[in-house]
There are 2 protein chains.
Amino acid sequence: MARWQPDARGRLERAAFELFVEQGFAATTVPQIAERAGLSTRTFFRHFADKRDALFAEEHAVPEQAARIIAEAPASLGPMQIVADGFDAVAAAQFSREKSYYIARHQIIQSDDGLRERQLRMPAALVDSLRRGFEERGTDPVDAMLAAHLTATVFSVSIGRWLSSPNSEPLAALLRDTFDRMRRTASS
Amino acid sequence: MARWQPDARGRLERAAFELFVEQGFAATTVPQIAERAGLSTRTFFRHFADKRDALFAEEHAVPEQAARIIAEAPASLGPMQIVADGFDAVAAAQFSREKSYYIARHQIIQSDDGLRERQLRMPAALVDSLRRGFEERGTDPVDAMLAAHLTATVFSVSIGRWLSSPNSEPLAALLRDTFDRMRRTASS
DNA sequence: ATTCTGATGACACATCATGTCATTACTGAC
DNA sequence: GTCAGTAATGACATGATGTGTCATCAGAAT
């Protein structure tokens, strides 16, 4: 038998999410989270840089998948062609929990300034990952940065549309539609 | 004679900037900033929500000017036309200090995770301001959001290019060039 | 004169975040 | 088998952050 209960990080994540739902983000303290997870406060800070981080444990998944897709794309394709072809794969692989979870999480984030700010790191990390991927294919740095920003915009706007209603269209359809509208807007 | 020295907020801003340059952001404490400004720690937190905020005192200027430009634009213009016409005015009104100041400030920000995250609020606030402005003109909400993101992208990328070298082209030229390249990238 | 207002100081306090050392189970070499 | 090494955790101390509350005092309003 292991000395400690397994999955300390996961227990902390779940305890934090539960407490944020029950009491709100600002009203829950790190010692409370640690206690519910059966761990010490110090251990919480070994797994997360701060209280907000417990809500962003999966933030690396999208940038990592994006980097893989770009690295594996045929050399003949330009950045925006790769992106257009990748939407379905990302939509299928990410956001695999129940939609109500993402909506609840979104509500927590919107309730707190610090969390809203923290969330801005997600599109920023996606831009970074995309830009690096495009640059490694030889794309001009400015063009790579622009393509990265345009792609992150499509994701941000699509996810916003997806979360705006429990009955919205599937994310993959929203990504394609937002991409088309982005192109039309850019050339208007 | 006034009871207190004037411009407490400005003195705090300058003291903070000096100390960040001298010692680095992480190594300077709020009591140090307050002492150099001749004020109490409590007064610092009356003017700024946190230590990082002292570096972002001017962050409202660009979104406010953007809102004004949109509100005053002829009703016949679409969002991207307003934006294309507004670059020169923004470049002329903002960033009026010595360029070395913005480069030094940029270096401080890049040196600290918390500051990098804090900086992400600037394009986010610009997106918000632009989106609201476009929506008030009757633009479809999704199109307004997309036009806002595209515009913020042009600003972010242009400012990045401008700060990347002390001898870069003037910001206004970079804005126009980045805008054109963004349009080409979007339709590639 | 009196009252009101607004900025500041002083103090207390909870929380956050980190440094440091001890503890304990698991691992692997011998 | 034993023993040293490693990794995760606990325990404790501490500096920094950020806020609530009340007092103080100059100038404005009346």
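Every chain is numbered from 1, with letters handed out A, B, ... down the list of sequences.
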>> Can a donor-acceptor pair be found, under 3.5 Å and without considering hydrogens, that links the side chain of A:Y101 to the backbone of A:F95?
In response: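 No.
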> Distance-only, no hydrogens or angles: does the B:H149 side chain make a donor-acceptor pair with backbone N or O of B:M145 under 3.5 Å?
Replying inline: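 Yes: the side chain of B:H149 pairs with the backbone of B:M145.
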Which donor-acceptor pairs under 3.5 Å do side chains of residues 164-174 of chain B form with protein atoms, sequence neighbours excluded?
from, atom 1, to, atom 2, distance (Å)
B:S164, OG, B:R161, O, 2.7
B:S165, OG, B:N167, N, 2.9
B:S165, OG, B:S168, N, 3.3
B:S168, OG, B:K99, NZ, 2.8
B:S168, OG, B:W162, O, 2.9
B:S168, OG, B:S165, O, 3.4

Measure the distance from [atom1] on [X] to [atom2] on [N] and round it to the nearest whole Å.
| X | N | atom1 | atom2 | answer |
| --- | --- | --- | --- | --- |
| A:D7 | D:dA8 | CG | P | 13 Å |
| B:R118 | D:dT17 | CZ | C1' | 16 Å |
| B:L12 | C:dA7 | CG | P | 14 Å |
| B:I33 | D:dT17 | CD1 | P | 8 Å |
| B:D112 | C:dA17 | CG | P | 13 Å |

> Hey, is B:K51 close enough to B:D112 for a salt bridge, meaning N to O under 4.0 Å?
Replying inline: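 So B:K51 does not pair with B:D112 through a salt bridge.
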Sequence neighbours excluded and cut-off under 3.5 Å, please list the side-chain donor-acceptor pairs for residues 124-136 of chain A, or say none.
from, atom 1, to, atom 2, distance (Å)
A:S129, OG, A:P63, O, 2.8
A:R131, NH1, A:E135, OE2, 3.4

> Within 45 degrees of the axis of the six-membered ring of B:F56 and under 6.0 Å from its centre: does B:R105 put its NZ or CZ there?
Replying inline: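 Yes; both conditions hold, so B:R105 lies above the ring face of B:F56.
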> Hey, is the side chain of A:K51 poking within less than 4.0 Å of OP1 or OP2 on C:dC16, counting only N and O atoms?
Replying inline: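 The answer is yes; a side-chain N or O of A:K51 sits under 4.0 Å from OP1 or OP2.
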> Got a sec? Which of residues 35-48 of chain A come in under 4.0 Å of DNA chain C, heavy atoms?
Replying inline: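 Output list: A:R42, A:F45, A:R46.
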